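Report on one structure; see the data block that follows.
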Protein chains: 2
Amino acid sequence: MTTPAQGLHSHVLATLGLAITAGEYPPGTVLRTDELAQRFDVSRTVVREVVRVLESMHLVESRRRVGVTVLPTASWNVYDPQVIRWRLAGADRPRQLRSLTVLRSAVEPVAAGLAATHATPEQCRELTEQALGMVATSRGRRLEEYLVHDIAFHRVVLNASGNEMFARLGDVVAEVLTGRTHHHVMFEDPDPAAVTLHVQVAEAVRERDAARAEELTRQIAVGALQELDVLAP
Amino acid sequence: MTTPAQGLHSHVLATLGLAITAGEYPPGTVLRTDELAQRFDVSRTVVREVVRVLESMHLVESRRRVGVTVLPTASWNVYDPQVIRWRLAGADRPRQLRSLTVLRSAVEPVAAGLAATHATPEQCRELTEQALGMVATSRGRRLEEYLVHDIAFHRVVLNASGNEMFARLGDVVAEVLTGRTHHHVMFEDPDPAAVTLHVQVAEAVRERDAARAEELTRQIAVGALQELDVLAP
DNA sequence: TGTGACATAAAAGTAGTACTTTTAATTCCC
DNA sequence: GGGAATTAAAAGTACTACTTTTATGTCACA
(Lines give C-alpha, C1' and ligand atoms only; values in the text may rest on other atoms or scores of the structure.)
Protein backbone atom coordinates (compact mmCIF):
# COMPACT_ATOMS: atom_id res chain seq x y z
CA MET A 1 0.00 0.00 0.00
CA THR A 2 2.58 2.54 1.11
CA THR A 3 5.93 0.78 0.82
CA PRO A 4 7.23 -1.72 -1.70
CA ALA A 5 8.52 -4.04 1.05
CA GLN A 6 10.25 -7.35 0.50
CA GLY A 7 8.42 -9.45 3.01
CA LEU A 8 5.17 -9.16 4.88
CA HIS A 9 6.81 -8.31 8.15
CA SER A 10 8.79 -5.36 6.78
CA HIS A 11 5.74 -4.04 5.01
CA VAL A 12 3.46 -4.10 8.03
CA LEU A 13 6.22 -2.78 10.29
CA ALA A 14 6.98 0.11 7.96
CA THR A 15 3.34 1.04 7.55
CA LEU A 16 2.47 0.86 11.23
CA GLY A 17 5.69 2.48 12.41
CA LEU A 18 5.24 5.35 10.02
CA ALA A 19 1.62 5.83 10.98
CA ILE A 20 2.34 5.85 14.69
CA THR A 21 5.34 8.19 14.50
CA ALA A 22 3.34 10.47 12.24
CA GLY A 23 0.85 10.81 15.06
CA GLU A 24 -1.95 9.11 13.17
CA TYR A 25 -2.78 7.13 16.27
CA PRO A 26 -2.75 9.51 19.25
CA PRO A 27 -1.15 8.17 22.42
CA GLY A 28 -3.59 5.95 24.24
CA THR A 29 -5.13 4.61 21.05
CA VAL A 30 -5.71 0.89 21.38
CA LEU A 31 -5.17 -1.47 18.49
CA ARG A 32 -6.11 -5.14 18.47
CA THR A 33 -3.83 -7.71 16.89
CA ASP A 34 -6.49 -9.60 14.97
CA GLU A 35 -8.04 -6.39 13.75
CA LEU A 36 -4.61 -5.44 12.39
CA ALA A 37 -4.16 -8.90 10.91
CA GLN A 38 -7.42 -8.46 9.07
CA ARG A 39 -6.63 -4.94 7.96
CA PHE A 40 -3.25 -5.87 6.48
CA ASP A 41 -4.48 -9.24 5.29
CA VAL A 42 -1.73 -11.15 7.04
CA SER A 43 -1.73 -13.75 9.78
CA ARG A 44 -1.78 -12.85 13.44
CA THR A 45 1.74 -14.31 13.67
CA VAL A 46 3.12 -11.58 11.43
CA VAL A 47 1.27 -8.88 13.34
CA ARG A 48 2.53 -10.23 16.64
CA GLU A 49 6.14 -10.07 15.47
CA VAL A 50 5.64 -6.52 14.28
CA VAL A 51 4.07 -5.54 17.58
CA ARG A 52 7.00 -7.05 19.45
CA VAL A 53 9.41 -4.88 17.47
CA LEU A 54 7.31 -1.75 17.96
CA GLU A 55 7.21 -2.63 21.63
CA SER A 56 11.00 -2.82 21.76
CA MET A 57 11.08 0.68 20.30
CA HIS A 58 8.65 1.76 23.02
CA LEU A 59 6.20 3.01 20.43
CA VAL A 60 3.48 0.75 21.79
CA GLU A 61 2.76 -1.39 24.80
CA SER A 62 0.93 -4.66 24.60
CA ARG A 63 -1.21 -5.76 27.52
CA ARG A 64 -3.45 -8.74 27.91
CA ARG A 65 -7.16 -8.17 27.78
CA VAL A 66 -6.52 -4.59 26.68
CA GLY A 67 -4.73 -4.60 23.37
CA VAL A 68 -1.80 -2.75 21.86
CA THR A 69 -1.68 0.75 23.27
CA VAL A 70 0.14 3.57 21.50
CA LEU A 71 2.60 5.24 23.91
CA PRO A 72 3.25 8.99 24.24
CA THR A 73 6.14 10.50 22.30
CA ALA A 74 8.16 10.91 25.47
CA SER A 75 8.74 7.18 25.78
CA TRP A 76 9.76 6.54 22.19
CA ASN A 77 13.28 5.34 21.41
CA VAL A 78 14.12 8.47 19.51
CA TYR A 79 17.68 7.31 18.87
CA ASP A 80 16.56 4.27 16.94
CA PRO A 81 17.64 4.94 13.33
CA GLN A 82 14.43 3.37 12.13
CA VAL A 83 12.33 5.69 14.28
CA ILE A 84 14.37 8.66 13.14
CA ARG A 85 13.80 7.74 9.50
CA TRP A 86 10.07 7.38 10.05
CA ARG A 87 9.83 10.71 11.81
CA LEU A 88 11.90 12.47 9.18
CA ALA A 89 9.58 11.07 6.54
CA GLY A 90 6.47 12.09 8.42
CA ALA A 91 4.68 15.11 9.73
CA ASP A 92 6.96 16.49 12.42
CA ARG A 93 9.99 16.50 10.19
CA PRO A 94 10.84 20.13 11.05
CA ARG A 95 10.88 19.57 14.81
CA GLN A 96 12.86 16.39 14.31
CA LEU A 97 15.42 18.14 12.12
CA ARG A 98 15.83 20.84 14.72
CA SER A 99 16.32 18.54 17.69
CA LEU A 100 18.80 16.46 15.71
CA THR A 101 20.73 19.55 14.69
CA VAL A 102 20.94 20.64 18.32
CA LEU A 103 22.25 17.19 19.17
CA ARG A 104 24.85 17.53 16.43
CA SER A 105 25.88 20.92 17.80
CA ALA A 106 26.63 19.26 21.12
CA VAL A 107 28.33 16.14 19.89
CA GLU A 108 30.33 17.06 16.82
CA PRO A 109 32.64 19.66 18.36
CA VAL A 110 33.65 17.24 21.09
CA ALA A 111 34.04 14.47 18.52
CA ALA A 112 36.27 16.71 16.41
CA GLY A 113 38.42 17.49 19.42
CA LEU A 114 38.85 13.79 20.12
CA ALA A 115 39.49 13.09 16.46
CA ALA A 116 42.41 15.50 16.56
CA THR A 117 44.16 13.27 19.05
CA HIS A 118 42.92 9.88 17.82
CA ALA A 119 42.74 10.09 14.04
CA THR A 120 44.95 7.70 12.07
CA PRO A 121 47.04 9.08 9.18
CA GLU A 122 44.60 7.35 6.86
CA GLN A 123 41.69 9.16 8.49
CA CYS A 124 43.52 12.50 8.26
CA ARG A 125 44.09 11.90 4.57
CA GLU A 126 40.44 10.95 4.04
CA LEU A 127 39.33 14.04 5.92
CA THR A 128 41.45 16.36 3.80
CA GLU A 129 40.25 14.67 0.65
CA GLN A 130 36.60 15.14 1.54
CA ALA A 131 37.17 18.77 2.51
CA LEU A 132 38.82 19.41 -0.84
CA GLY A 133 35.92 17.62 -2.52
CA MET A 134 33.58 20.04 -0.79
CA VAL A 135 35.58 22.99 -2.05
CA ALA A 136 35.57 21.60 -5.57
CA THR A 137 31.80 21.12 -5.66
CA SER A 138 30.81 24.20 -3.69
CA ARG A 139 30.04 26.26 -6.76
CA GLY A 140 27.82 25.79 -9.75
CA ARG A 141 24.77 24.10 -8.26
CA ARG A 142 26.51 20.78 -7.67
CA LEU A 143 24.63 20.30 -4.41
CA GLU A 144 24.21 16.54 -4.72
CA GLU A 145 27.94 15.99 -5.15
CA TYR A 146 28.69 18.45 -2.37
CA LEU A 147 26.35 16.55 -0.06
CA VAL A 148 28.25 13.29 -0.59
CA HIS A 149 31.50 14.90 0.53
CA ASP A 150 29.82 16.70 3.40
CA ILE A 151 28.35 13.47 4.77
CA ALA A 152 31.62 11.59 4.31
CA PHE A 153 33.51 14.36 6.08
CA HIS A 154 31.34 14.31 9.18
CA ARG A 155 31.29 10.53 9.22
CA VAL A 156 35.08 10.40 9.28
CA VAL A 157 35.22 12.90 12.14
CA LEU A 158 32.73 10.88 14.18
CA ASN A 159 34.54 7.61 13.48
CA ALA A 160 37.96 9.11 14.17
CA SER A 161 36.80 10.27 17.59
CA GLY A 162 37.28 6.70 18.70
CA ASN A 163 34.03 6.79 20.66
CA GLU A 164 31.47 4.26 19.50
CA MET A 165 28.53 6.37 20.69
CA PHE A 166 29.71 9.20 18.47
CA ALA A 167 30.51 6.89 15.58
CA ARG A 168 26.97 5.53 15.60
CA LEU A 169 25.60 9.04 14.99
CA GLY A 170 27.05 8.96 11.49
CA ASP A 171 23.76 7.79 10.05
CA VAL A 172 21.84 10.46 11.92
CA VAL A 173 24.10 13.20 10.58
CA ALA A 174 23.72 11.80 7.10
CA GLU A 175 19.95 11.95 7.40
CA VAL A 176 20.03 15.51 8.69
CA LEU A 177 22.35 16.78 5.98
CA THR A 178 20.36 15.02 3.29
CA GLY A 179 17.12 16.40 4.64
CA ARG A 180 18.53 19.89 4.81
CA THR A 181 19.85 19.84 1.24
CA HIS A 182 16.66 18.46 -0.22
CA HIS A 183 14.43 20.96 1.55
CA HIS A 184 16.41 24.02 0.72
CA VAL A 185 16.03 26.30 -2.20
CA MET A 186 18.13 24.18 -4.52
CA PHE A 187 19.49 27.18 -6.40
CA GLU A 188 21.77 28.44 -3.68
CA ASP A 189 25.31 27.17 -3.41
CA PRO A 190 26.54 26.25 0.07
CA ASP A 191 27.81 28.99 2.36
CA PRO A 192 31.48 29.64 1.46
CA ALA A 193 32.27 30.33 5.12
CA ALA A 194 31.11 26.83 6.04
CA VAL A 195 33.24 25.30 3.32
CA THR A 196 36.31 27.12 4.58
CA LEU A 197 35.60 25.97 8.11
CA HIS A 198 35.56 22.34 7.00
CA VAL A 199 38.94 22.74 5.35
CA GLN A 200 40.27 24.30 8.53
CA VAL A 201 38.91 21.49 10.68
CA ALA A 202 40.74 18.98 8.48
CA GLU A 203 43.88 21.05 8.97
CA ALA A 204 43.47 21.27 12.73
CA VAL A 205 42.94 17.50 13.03
CA ARG A 206 46.00 16.84 10.88
CA GLU A 207 48.04 19.14 13.10
CA ARG A 208 46.67 17.48 16.25
CA ASP A 209 45.22 20.78 17.45
CA ALA A 210 42.25 19.51 19.45
CA ALA A 211 41.11 22.85 20.83
CA ARG A 212 41.08 24.43 17.40
CA ALA A 213 39.29 21.49 15.78
CA GLU A 214 36.65 21.68 18.47
CA GLU A 215 36.18 25.43 18.19
CA LEU A 216 35.98 25.38 14.39
CA THR A 217 33.44 22.58 14.45
CA ARG A 218 31.44 24.55 16.97
CA GLN A 219 31.32 27.37 14.45
CA ILE A 220 30.04 24.99 11.80
CA ALA A 221 27.34 23.88 14.22
CA VAL A 222 26.35 27.46 15.03
CA GLY A 223 26.00 28.10 11.32
CA ALA A 224 23.79 25.05 10.87
CA LEU A 225 21.54 26.19 13.71
CA GLN A 226 21.22 29.71 12.34
CA GLU A 227 20.41 28.34 8.92
CA LEU A 228 17.62 26.36 10.53
CA ASP A 229 16.29 29.47 12.25
CA VAL A 230 16.04 31.26 8.94
CA LEU A 231 14.18 28.33 7.43
CA ALA A 232 11.77 27.55 10.26
CA PRO A 233 9.63 30.32 11.77
CA MET B 1 18.02 -19.73 34.29
CA THR B 2 19.57 -16.26 34.47
CA THR B 3 16.63 -13.88 34.86
CA PRO B 4 13.39 -14.23 36.76
CA ALA B 5 11.32 -13.07 33.76
CA GLN B 6 7.57 -12.63 33.69
CA GLY B 7 6.86 -14.30 30.41
CA LEU B 8 8.74 -16.64 28.11
CA HIS B 9 9.51 -13.94 25.59
CA SER B 10 11.18 -11.59 28.09
CA HIS B 11 13.19 -14.42 29.54
CA VAL B 12 14.58 -15.65 26.23
CA LEU B 13 15.18 -12.09 25.04
CA ALA B 14 17.05 -11.15 28.18
CA THR B 15 19.19 -14.26 28.15
CA LEU B 16 20.07 -14.07 24.46
CA GLY B 17 20.56 -10.31 24.44
CA LEU B 18 22.86 -10.46 27.42
CA ALA B 19 24.86 -13.33 25.96
CA ILE B 20 25.32 -11.61 22.61
CA THR B 21 26.27 -8.22 24.03
CA ALA B 22 28.64 -9.93 26.43
CA GLY B 23 30.46 -11.28 23.40
CA GLU B 24 29.61 -14.90 24.14
CA TYR B 25 28.73 -15.41 20.52
CA PRO B 26 31.46 -13.78 18.40
CA PRO B 27 30.26 -11.87 15.34
CA GLY B 28 29.53 -14.28 12.55
CA THR B 29 28.25 -16.99 14.85
CA VAL B 30 25.18 -18.60 13.39
CA LEU B 31 22.27 -19.69 15.54
CA ARG B 32 19.30 -21.69 14.34
CA THR B 33 15.80 -20.89 15.52
CA ASP B 34 14.71 -24.44 16.26
CA GLU B 35 17.96 -25.19 18.02
CA LEU B 36 17.25 -22.16 20.24
CA ALA B 37 13.66 -23.25 20.72
CA GLN B 38 14.91 -26.60 21.96
CA ARG B 39 17.59 -25.09 24.14
CA PHE B 40 15.17 -22.74 25.92
CA ASP B 41 12.36 -25.26 25.83
CA VAL B 42 9.93 -22.87 24.18
CA SER B 43 8.10 -22.91 20.87
CA ARG B 44 9.66 -21.65 17.67
CA THR B 45 7.06 -18.85 17.74
CA VAL B 46 8.60 -17.38 20.87
CA VAL B 47 12.12 -17.65 19.48
CA ARG B 48 11.08 -16.02 16.23
CA GLU B 49 9.61 -13.02 18.06
CA VAL B 50 12.78 -12.68 20.11
CA VAL B 51 14.91 -12.86 16.98
CA ARG B 52 12.80 -10.15 15.36
CA VAL B 53 13.47 -7.85 18.31
CA LEU B 54 17.21 -8.62 18.34
CA GLU B 55 17.16 -7.95 14.63
CA SER B 56 15.58 -4.54 15.17
CA MET B 57 18.44 -3.77 17.56
CA HIS B 58 20.87 -4.86 14.85
CA LEU B 59 22.43 -7.41 17.16
CA VAL B 60 21.67 -10.21 14.72
CA GLU B 61 20.60 -10.68 11.14
CA SER B 62 18.29 -13.44 10.05
CA ARG B 63 18.66 -14.90 6.57
CA ARG B 64 16.87 -17.78 4.95
CA ARG B 65 18.75 -21.01 4.53
CA VAL B 66 21.55 -19.56 6.68
CA GLY B 67 20.23 -18.89 10.15
CA VAL B 68 20.50 -16.08 12.65
CA THR B 69 23.92 -14.45 12.34
CA VAL B 70 25.43 -12.40 15.14
CA LEU B 71 26.50 -8.99 13.83
CA PRO B 72 29.70 -7.10 14.72
CA THR B 73 29.59 -4.55 17.53
CA ALA B 74 29.82 -1.70 15.05
CA SER B 75 26.30 -2.27 13.80
CA TRP B 76 24.62 -2.57 17.18
CA ASN B 77 22.04 0.02 18.23
CA VAL B 78 24.18 1.25 21.09
CA TYR B 79 21.64 3.91 22.04
CA ASP B 80 18.94 1.38 22.76
CA PRO B 81 18.43 1.55 26.55
CA GLN B 82 18.00 -2.19 26.62
CA VAL B 83 21.31 -2.74 24.85
CA ILE B 84 23.00 -0.26 27.17
CA ARG B 85 21.68 -2.09 30.21
CA TRP B 86 22.88 -5.43 28.87
CA ARG B 87 26.32 -4.09 28.13
CA LEU B 88 26.62 -2.40 31.50
CA ALA B 89 25.72 -5.69 33.12
CA GLY B 90 28.21 -7.62 31.04
CA ALA B 91 31.88 -7.92 30.33
CA ASP B 92 32.78 -4.64 28.63
CA ARG B 93 31.20 -2.54 31.32
CA PRO B 94 34.31 -0.35 31.72
CA ARG B 95 34.51 0.57 28.05
CA GLN B 96 30.79 1.21 28.00
CA LEU B 97 30.97 3.46 31.04
CA ARG B 98 33.77 5.44 29.45
CA SER B 99 32.07 5.98 26.12
CA LEU B 100 28.86 7.00 27.85
CA THR B 101 30.71 9.45 30.07
CA VAL B 102 32.30 11.02 27.02
CA LEU B 103 28.86 11.33 25.48
CA ARG B 104 27.65 13.00 28.67
CA SER B 105 30.55 15.43 28.54
CA ALA B 106 29.42 16.51 25.10
CA VAL B 107 25.70 16.67 25.69
CA GLU B 108 25.16 17.89 29.23
CA PRO B 109 26.90 21.27 28.97
CA VAL B 110 24.85 22.18 25.92
CA ALA B 111 21.72 20.88 27.61
CA ALA B 112 22.46 23.03 30.67
CA GLY B 113 22.90 26.07 28.47
CA LEU B 114 19.54 25.46 26.85
CA ALA B 115 17.96 24.77 30.22
CA ALA B 116 19.02 28.21 31.39
CA THR B 117 16.80 29.76 28.74
CA HIS B 118 14.00 27.18 28.69
CA ALA B 119 13.52 26.03 32.27
CA THR B 120 10.14 26.66 33.85
CA PRO B 121 10.00 28.16 37.36
CA GLU B 122 8.94 24.74 38.59
CA GLN B 123 12.03 23.18 37.00
CA CYS B 124 14.27 25.84 38.52
CA ARG B 125 12.80 25.12 41.93
CA GLU B 126 13.27 21.37 41.45
CA LEU B 127 16.85 21.91 40.35
CA THR B 128 17.70 23.97 43.41
CA GLU B 129 16.03 21.45 45.65
CA GLN B 130 18.05 18.56 44.23
CA ALA B 131 21.29 20.54 44.47
CA LEU B 132 20.57 21.27 48.12
CA GLY B 133 19.77 17.61 48.63
CA MET B 134 23.19 16.78 47.22
CA VAL B 135 24.83 19.19 49.65
CA ALA B 136 22.92 17.72 52.56
CA THR B 137 23.92 14.14 51.77
CA SER B 138 27.47 14.82 50.59
CA ARG B 139 29.04 13.93 53.91
CA GLY B 140 28.90 10.94 56.15
CA ARG B 141 28.85 8.05 53.66
CA ARG B 142 25.30 8.69 52.54
CA LEU B 143 26.21 7.78 48.96
CA GLU B 144 22.93 6.08 48.11
CA GLU B 145 20.89 9.14 49.09
CA TYR B 146 23.34 11.41 47.32
CA LEU B 147 22.99 9.33 44.16
CA VAL B 148 19.22 9.83 44.09
CA HIS B 149 19.62 13.61 44.15
CA ASP B 150 22.45 13.51 41.63
CA ILE B 151 20.37 11.51 39.14
CA ALA B 152 17.32 13.72 39.67
CA PHE B 153 19.42 16.84 39.16
CA HIS B 154 20.81 15.74 35.82
CA ARG B 155 17.44 14.47 34.70
CA VAL B 156 15.86 17.86 35.34
CA VAL B 157 18.61 19.62 33.40
CA LEU B 158 18.15 17.30 30.42
CA ASN B 159 14.38 17.67 30.49
CA ALA B 160 14.54 21.44 30.94
CA SER B 161 16.71 21.73 27.84
CA GLY B 162 13.51 21.33 25.86
CA ASN B 163 15.23 18.99 23.43
CA GLU B 164 13.70 15.53 23.28
CA MET B 165 16.98 13.91 22.20
CA PHE B 166 18.63 15.26 25.33
CA ALA B 167 15.69 14.41 27.53
CA ARG B 168 15.84 10.78 26.44
CA LEU B 169 19.41 10.51 27.75
CA GLY B 170 18.11 10.79 31.30
CA ASP B 171 18.04 7.03 31.68
CA VAL B 172 21.55 6.71 30.30
CA VAL B 173 22.89 9.25 32.77
CA ALA B 174 21.09 7.46 35.57
CA GLU B 175 22.75 4.20 34.61
CA VAL B 176 26.18 5.81 34.41
CA LEU B 177 25.89 7.54 37.77
CA THR B 178 24.57 4.40 39.42
CA GLY B 179 27.33 2.32 37.91
CA ARG B 180 29.96 4.79 39.03
CA THR B 181 28.73 4.93 42.61
CA HIS B 182 28.45 1.19 42.96
CA HIS B 183 31.90 0.50 41.57
CA HIS B 184 33.74 3.04 43.60
CA VAL B 185 35.38 2.64 46.92
CA MET B 186 32.25 3.18 48.92
CA PHE B 187 34.07 4.85 51.80
CA GLU B 188 34.84 8.09 50.03
CA ASP B 189 32.35 10.92 50.10
CA PRO B 190 31.68 12.72 46.82
CA ASP B 191 34.12 15.40 45.69
CA PRO B 192 33.11 18.67 47.45
CA ALA B 193 34.11 20.64 44.36
CA ALA B 194 31.58 18.72 42.27
CA VAL B 195 28.84 19.37 44.82
CA THR B 196 29.55 23.09 44.73
CA LEU B 197 29.46 23.08 40.95
CA HIS B 198 25.99 21.53 40.96
CA VAL B 199 24.72 24.24 43.28
CA GLN B 200 26.22 26.87 41.01
CA VAL B 201 24.63 25.33 37.92
CA ALA B 202 21.25 25.53 39.62
CA GLU B 203 21.98 29.17 40.36
CA ALA B 204 23.05 29.93 36.81
CA VAL B 205 19.93 28.33 35.37
CA ARG B 206 17.74 30.24 37.79
CA GLU B 207 19.44 33.47 36.76
CA ARG B 208 19.08 32.60 33.07
CA ASP B 209 22.85 32.72 32.59
CA ALA B 210 23.24 30.18 29.76
CA ALA B 211 26.96 30.65 29.20
CA ARG B 212 27.74 30.17 32.87
CA ALA B 213 25.47 27.13 33.20
CA GLU B 214 27.19 25.58 30.22
CA GLU B 215 30.68 26.30 31.45
CA LEU B 216 29.99 25.02 34.96
CA THR B 217 28.47 21.82 33.61
CA ARG B 218 31.51 21.39 31.43
CA GLN B 219 33.61 21.50 34.58
CA ILE B 220 31.46 18.79 36.14
CA ALA B 221 31.97 16.68 33.03
CA VAL B 222 35.73 17.19 33.08
CA GLY B 223 35.73 16.04 36.68
CA ALA B 224 33.76 12.92 35.81
CA LEU B 225 36.20 12.08 33.03
CA GLN B 226 39.23 12.55 35.25
CA GLU B 227 37.66 10.39 37.90
CA LEU B 228 37.27 7.68 35.29
CA ASP B 229 40.91 7.99 34.26
CA VAL B 230 42.00 7.43 37.84
CA LEU B 231 39.82 4.36 38.09
CA ALA B 232 40.57 2.73 34.72
CA PRO B 233 44.19 2.17 33.65
C1' DT C 1 -26.68 2.18 48.79
C1' DG C 2 -22.15 0.88 48.75
C1' DT C 3 -18.60 -2.61 48.75
C1' DG C 4 -16.33 -6.68 48.13
C1' DA C 5 -16.15 -11.33 46.23
C1' DC C 6 -17.08 -13.82 42.20
C1' DA C 7 -17.99 -14.97 37.41
C1' DT C 8 -17.39 -13.83 32.64
C1' DA C 9 -15.38 -12.97 28.54
C1' DA C 10 -12.10 -10.54 25.74
C1' DA C 11 -7.71 -10.20 24.21
C1' DA C 12 -2.92 -11.38 24.22
C1' DG C 13 0.38 -15.28 25.04
C1' DT C 14 1.93 -19.90 23.77
C1' DA C 15 2.26 -24.15 21.18
C1' DG C 16 2.36 -27.15 17.35
C1' DT C 17 1.98 -28.27 12.73
C1' DA C 18 1.79 -27.87 7.93
C1' DC C 19 3.21 -25.53 4.07
C1' DT C 20 5.98 -21.94 1.14
C1' DT C 21 9.99 -19.52 -0.26
C1' DT C 22 14.50 -18.49 -0.57
C1' DT C 23 19.09 -19.75 -1.38
C1' DA C 24 23.65 -22.12 -0.25
C1' DA C 25 25.64 -26.04 -1.69
C1' DT C 26 25.94 -30.06 -4.31
C1' DT C 27 25.70 -32.60 -8.45
C1' DC C 28 25.91 -33.42 -13.05
C1' DC C 29 26.47 -32.44 -17.72
C1' DC C 30 28.95 -30.29 -21.31
C1' DG D 1 36.94 -26.96 -15.09
C1' DG D 2 32.94 -24.14 -15.36
C1' DG D 3 28.22 -23.36 -15.56
C1' DA D 4 23.43 -24.88 -15.21
C1' DA D 5 20.05 -27.71 -12.93
C1' DT D 6 18.86 -30.05 -8.55
C1' DT D 7 18.50 -30.54 -3.76
C1' DA D 8 17.75 -29.69 0.80
C1' DA D 9 18.14 -26.78 4.84
C1' DA D 10 16.48 -23.10 7.24
C1' DA D 11 13.63 -19.16 7.79
C1' DG D 12 9.04 -17.15 6.51
C1' DT D 13 4.06 -17.58 6.64
C1' DA D 14 -0.40 -19.35 7.98
C1' DC D 15 -3.73 -21.45 10.74
C1' DT D 16 -5.73 -23.48 14.58
C1' DA D 17 -6.26 -24.85 19.21
C1' DC D 18 -5.44 -23.89 23.75
C1' DT D 19 -3.82 -21.12 28.06
C1' DT D 20 -3.40 -17.13 30.87
C1' DT D 21 -4.25 -12.82 32.37
C1' DT D 22 -7.28 -9.29 33.70
C1' DA D 23 -10.83 -5.51 32.95
C1' DT D 24 -15.43 -5.36 33.70
C1' DG D 25 -19.81 -6.45 34.98
C1' DT D 26 -22.82 -8.96 38.35
C1' DC D 27 -24.61 -10.33 42.46
C1' DA D 28 -24.91 -11.02 47.28
C1' DC D 29 -24.27 -9.26 51.62
C1' DA D 30 -23.82 -5.69 54.99
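Chain naming here is simple, since letters A, B, ... match the order of the sequence lines and numbering starts at 1 in each. The structure displayed is predicted, hence computed values, not measured ones.
Rounded to whole Å, the distance from CG on B/Asp34 to P on D/dG12 is 12 Å. One interatomic measurement links the two molecules: CZ of B/Arg32 to P of D/dA8, which rounds to 17 Å at whole-angstrom precision. If you measure from atom CG of B/Leu31 to atom C1' of D/dA9, you get 16 Å, rounded to the nearest angstrom. Taking atom CG of residue A/Leu8 and atom P of nucleotide D/dC15, one finds them 11 Å apart after rounding to whole Å. Across the protein-nucleic acid pair, A/His11 atom NE2 and D/dG12 atom C1' stand 17 Å apart, rounded to whole Å.
Nucleotides of DNA chain C with any atom under 4.0 Å from a heavy atom of chain A span, from 5' to 3', C/dA9 to C/dT14.
Taking only side-chain nitrogens and oxygens, A/Arg44 never comes nearer than 4.0 Å to OP1 or OP2 of D/dA14.
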Taking it one step at a time, do A/Thr178 and A/Leu88 satisfy side-chain contact (heavy atoms from CB on, under 4.5 Å)? CA-CA 11 Å; A/Thr178 306; A/Leu88 283 176; over 6 Å; no

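B/Thr33 and B/Arg48 share no side-chain donor-acceptor pair at under 3.5 Å. Side-chain contact of A/Glu144 with A/His182: a donor-acceptor pair under 3.5 Å is present, judged by distance alone.
Looking at heavy-atom distances under 4.0 Å, A/Arg63 makes contact with sugar-phosphate atoms alone, never a base. Heavy atoms of B/Thr45 sit under 4.0 angstrom from at least one base atom.
A salt bridge is absent between A/Arg98 and A/Asp92; no separation between the charged side-chain nitrogens and carboxylate oxygens falls under 4.0 Å. Ion pairing between A/Arg95 and B/Glu164 fails under the 4.0 Å rule for side-chain N and carboxylate O.
Judged by closest nucleotide on DNA chain D, B/Val66 is the one of A/Val66 and B/Val66 placed further toward the 5' end. Two residues, B/Val42 and A/Ser62, neighbour DNA chain C, and the one matched to the more 5' nucleotide by heavy-atom proximity is A/Ser62. Comparing A/Arg64 and A/Val46 by the nucleotide of DNA chain D that holds the closest heavy atom to each, the one mapping nearer the 5' end is A/Val46.
Under the side-chain hydrogen bond (donor to acceptor under 3.5 Å, both in side chains) criterion, B/Arg32 pairs with no residue at all, not counting sequence neighbours.
Looking only at side-chain heavy atoms (C-beta outward), A/Phe153 and A/His149 stay at 4.5 Å or farther from each other.
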